[in-house]
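All residue numbers in this chain count up from 1 along the given sequence.
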Amino acid sequence: MDQQKNLHVGLALLAMALGGFAIGTGEFVIMGLLPDVAHGLGRSVTTAGNAITSYALGVVVGAPLIAVLGARISRQRLLIFLMTLFAAGNLASAFAPGYLSFIAVRFISGLPHGAYFGVASLVAASMVPAQQRGKAIGRMMTGLTIATLLGVPLAAWVGHHLSWHYAFLFVGICAVISVLMIIGFIPYSKGDPSAHPLQELTALKTPRVLLSLLTGAAGFSGMFAVFSYINPTLTHESGLPQQEIPWVMAAFGLGMVAGMMAGGRLSDWSVTKAITVALVWNLVVMALFPLMAHHIASGLLVTFLIGTTSVLIPCLQIRLMDVAGKAQTLAAAMNHSALNIANALGAFFGGMIINAGLGWTSTAWVGGALGIFGLVVYQCSLLLKHRD
């Protein structure tokens, strides 16, 4: 009986992980296809880059909006709706006739991103004993990390050699398969008719929730400050040939897989201690980066280590679930809004310090400063433990 239950839980986690794989691939593949997209739409590369901003804006807007509006809906049905919307957005991206329509459907594609991972985390945690929540969430989130390792390079290759339209078609098909698996393997559960949509907004009034979100935004801003410029950094500093760049993405993807799994296990040990360990580890990696980026082998190794800073993701996800009270859906979804804000801020600050003439590896000092800020913010949130 236990074996059958474990199989059922495993298939449910696989269904949600495939959705995460589709989302991760859809979010990052355009970064490797911007020249192709720009040429296809008849725009400059920087103008086509607005599609990345549009998607990120959709994530930031969609996470709280959908969490609030979906407060009373069955989580299984909410997952089906979110992944269906994501599938529709990416299939529409594949067939977008022009620049403006492409920007619009990328915004729509981003809307379900944060809410999906938030709801999926709650579902994953509900299917296992309390002491295994972190492990279950880590397994569910591996779809996102495997997307970095396999999905993005594969979709980018298809998009570059065939057409960028096929890359988004691939993402849309993966999302459709995820919808079918969610329907088949995640049991229906009734929504909470007593839940009030405005109740979810109480999460934004809880100091520990806000400080936890700020911790994530600061911590991951540091990682994105380095990773956003990892390719030109290793090309200039270590002499890595341009054709070997896919190995950089593979190293980062492997690191993310390892970090996510480690984060889940650390969370089951102690959520509060795990976050501190993750933030300190982030600082260690930032300190190692300028020392290791000057040689190809060590540069690939430190890229792997940068990926392992994803250890913080499942830790923060559970932390938010624990401190959000009755507003867990919004708090869990907002974690991914914070990550997208981190993406934008990290790239901005990293580019700023490079443009200041301080060198490619100077992004690690930005990362270190933001990491220290995140650690301080988190320690402040712990002091509020008995005041909420």
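In this structure, SG on Cys174 lies 10.0 Å from CE on Met83, to the nearest 0.5 angstrom. From Ile186, atom CD1 reaches atom CG of Leu14 across 10.0 Å, with rounding to the nearest 0.5 Å. Atoms OG1 and CG, from Thr309 and Leu279 in turn, are 10.0 Å apart once rounded to the nearest 0.5 Å. One distance of note links OG of Ser178 with CZ of Phe86; it measures 10.0 Å at 0.5 Å rounding.
Of the candidates Ile182, Leu180, Ile177, Val179, Ile177 is the only one forming a side chain to side chain contact (heavy atoms under 4.5 Å, CB included) with Leu18.
Between the side chains of Trp281 and Thr308, at least one donor-acceptor pair of N or O atoms lies under 3.5 Å.
In this view, Ile296 and Ser238, Leu240, Pro241, Leu300 satisfy the side chain to side chain contact (heavy atoms under 4.5 Å, CB included) rule, not counting sequence neighbours. Taking Val377 as the reference, Leu211, Leu214, Thr215, Phe373 meet the side chain to side chain contact (heavy atoms under 4.5 Å, CB included) condition, with sequence neighbours excluded.
With a 4.5 Å cut-off on side-chain heavy atoms, Leu169 and Tyr166 count as touching. Side-chain contact between Val158 and Phe170 is absent, with no heavy-atom pair separated by less than 4.5 Å. Here the side chains of Gln76 and Val123 are not in contact, with every heavy-atom distance at 4.5 Å or above. Residues Tyr55 and His113 meet the side-chain proximity criterion, which asks for heavy atoms closer than 4.5 Å.
Between Leu13 and Ala124, the shortest heavy-atom distance links the atoms CD2-CB, 3.6 Å.
For Phe107 and Phe102, the distance between ring centers is not under 6.0 angstrom. For an aromatic pair to be called close, the ring centres must be under 6.0 Å apart, and Trp365 with Phe289 fails this.
Around atom NE2 of His165, more than 12 heavy atoms belonging to other residues, nucleotides or ligands sit under 6.0 Å away.
Of the possible donor and acceptor atoms, none in the side chain of Thr25 sits under 3.5 Å from a partner among the backbone N and O of Val171.
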